[in-house]
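For reference, the structure discussed in these notes is given below.
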Amino acid sequence: MAKLTLFSGTANLLLADAVASTLGTALGECSIERFPDDEIRVTVHMDIQGHDVYLVQPTCPPVAAHFLELMFLADACQRAGASRLTAVIPYYGYARQDRRERQGEAVAARVIADALCTRFNRVIAVDLHSPAIEGFFDIPVVHLSAVPLLADSLRSFLFSDQVVTAPDLGAVKVAQKYADLLGLPVAYAHKVRLSGRKTEVHQIIGDVRARSPIVVDDMISTGGTMISTIEELLKRGCSPRLTLVASHGLFVENALERLSAYPVERVLVTDSVPPPSAPASPSVQIISLKNLLAEAIRRLHVS
Ligand code: R5P
């Protein structure tokens with residue numbers, strides 16, 4: 001059987017290292033240098049001739065640089081003789097540009113998929129913004145979900161008055177999954193995006209009065225979606241004891257500080273991207289993807 005070798009880009013070394021240890025190995029030796037003009041140089045420093053190689057790299061901010069590192073690593077590994085290359089992408093940047101909202105727009109998620117298909121034999125991804133993205137690839141995609149892991153962690157602080165809430169129509173299916181796993185009712189918000197930073201919630205469907213919402217989404221970026229949902233839930237008399245859950249916690253532009261102005265008891269996210277240096281409130285709990293990813297790699301390596 002081909003030897004298994006794991007490399008990491010610079011996006012989330014802690015997670016890559018944890019996945020490697022779970023698999024009983026260490027990360028492969030490579031270097032990623034940045035030149036003064038921002039160019040990136042990637043070098044593999046070991047013999048990987050004939051190896052089954054996995055490159056761990058979430059394409060989180062700075063998205064373009066992390067994506068290029070991944071592509072350059074793939075090129076370096078191909079040239080060094082890897083027999084099979086798998087991209088392990090715990091967070092897929094540009095996933096939200098998966099269709100044309102307006103005339104003239106690019107479908108960036110497709111462009112990224114096309115580029116990955118030129119270098120990789122397979123992709124492992126976690127909670128893609130839309131499952132349709134899988135169809136952009138003509139190589140096999142293992143699409144993992146962190147929802148069961150996050151739902152398990154929610155079990156330790158379940159109250160009978162909770163309601164799972166989807167902050168927009170795109171999150172309805174995922175909210176239903178949490179609700180089924182936890183045996184809770186579900187409510188839906190109708191969100192309108194005004195810009196990259198600003199969203200408005202126009203309506204909440206479902207009973208939220210005097211209930212403690214668990215607002216679930218695939219990702220928290222600026223926190224704008226969560227904030228407009230929280231404001232609308234509070235207006236509708238929900239109990240001031242909120243939990244926020246997302247597979248990917250990017251927390252850009254002081255999202256956590258802005259969220260701390262609301263009665264949010266806890267925020268649950270995975271380590272698909274590096275955890276934030278969090279303010280004391282709200283408390284952020286990080287659930288590791290290391291076992292989920294290691295198990296997927298183990299299965300692919302023997303298959
Ligand atoms: C959008 O459809 C996504 O599912 C999230 O709701 C959104 O991207 C979160 O972004 P932000 O935190 O910036 O509102």
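Order of appearance sets the numbers: ligands from 1, and atoms from 1 within every ligand. Bear in mind the structure is a predicted one, so any value in this text is a computation, not a measurement. Heavy-atom basis, side chains included; hydrogens, waters and symmetry copies ignored.
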Please check this pair: side chain of [X] against backbone of [Y], looking for a donor-acceptor N/O pair closer than 3.5 Å.
X	Y	answer
Gln57	Ala11	yes
Asn12	Asp271	yes
Asp98	Ile133	no

Any N or O of Gly223 that comes nearer than 3.5 Å to an N or O of ligand 1?
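For ligand 1, there is an N or O atom that lies under 3.5 Å from one belonging to Gly223.
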Can you tell which part of [X] has a heavy atom less than 4.0 Å from ligand 1: side chain, backbone, both or neither?
X	value
Asp218	side chain
Asp217	side chain
Met226	neither
Val252	neither

Which ligand 1 atoms, with their elements, are less than 4.0 angstrom from a heavy-atom of Ile220?
12 (O)
Pull out every atom of ligand 1 sitting under 4.0 Å from any heavy atom of Asp168, numbered as shown with elements.
1 (C), 2 (O), 6 (O)
Would you please name every residue forming a side chain to side chain contact (heavy atoms under 4.5 Å, CB included) with Ser247, sequence neighbours left out?
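Here the qualifying residues are Asp127, Ala146, Leu150.
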Does Arg34 pair with Glu69 as a salt bridge, N-O distance under 4.0 Å?
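So Arg34 pairs with Glu69 through a salt bridge.
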Is Arg41 salt-bridged to Glu39, going by a charged N under 4.0 Å from an acidic O?
no
Atom 2 (O) of ligand 1: of Arg258, His129, Arg96, the nearest heavy atom sits on His129
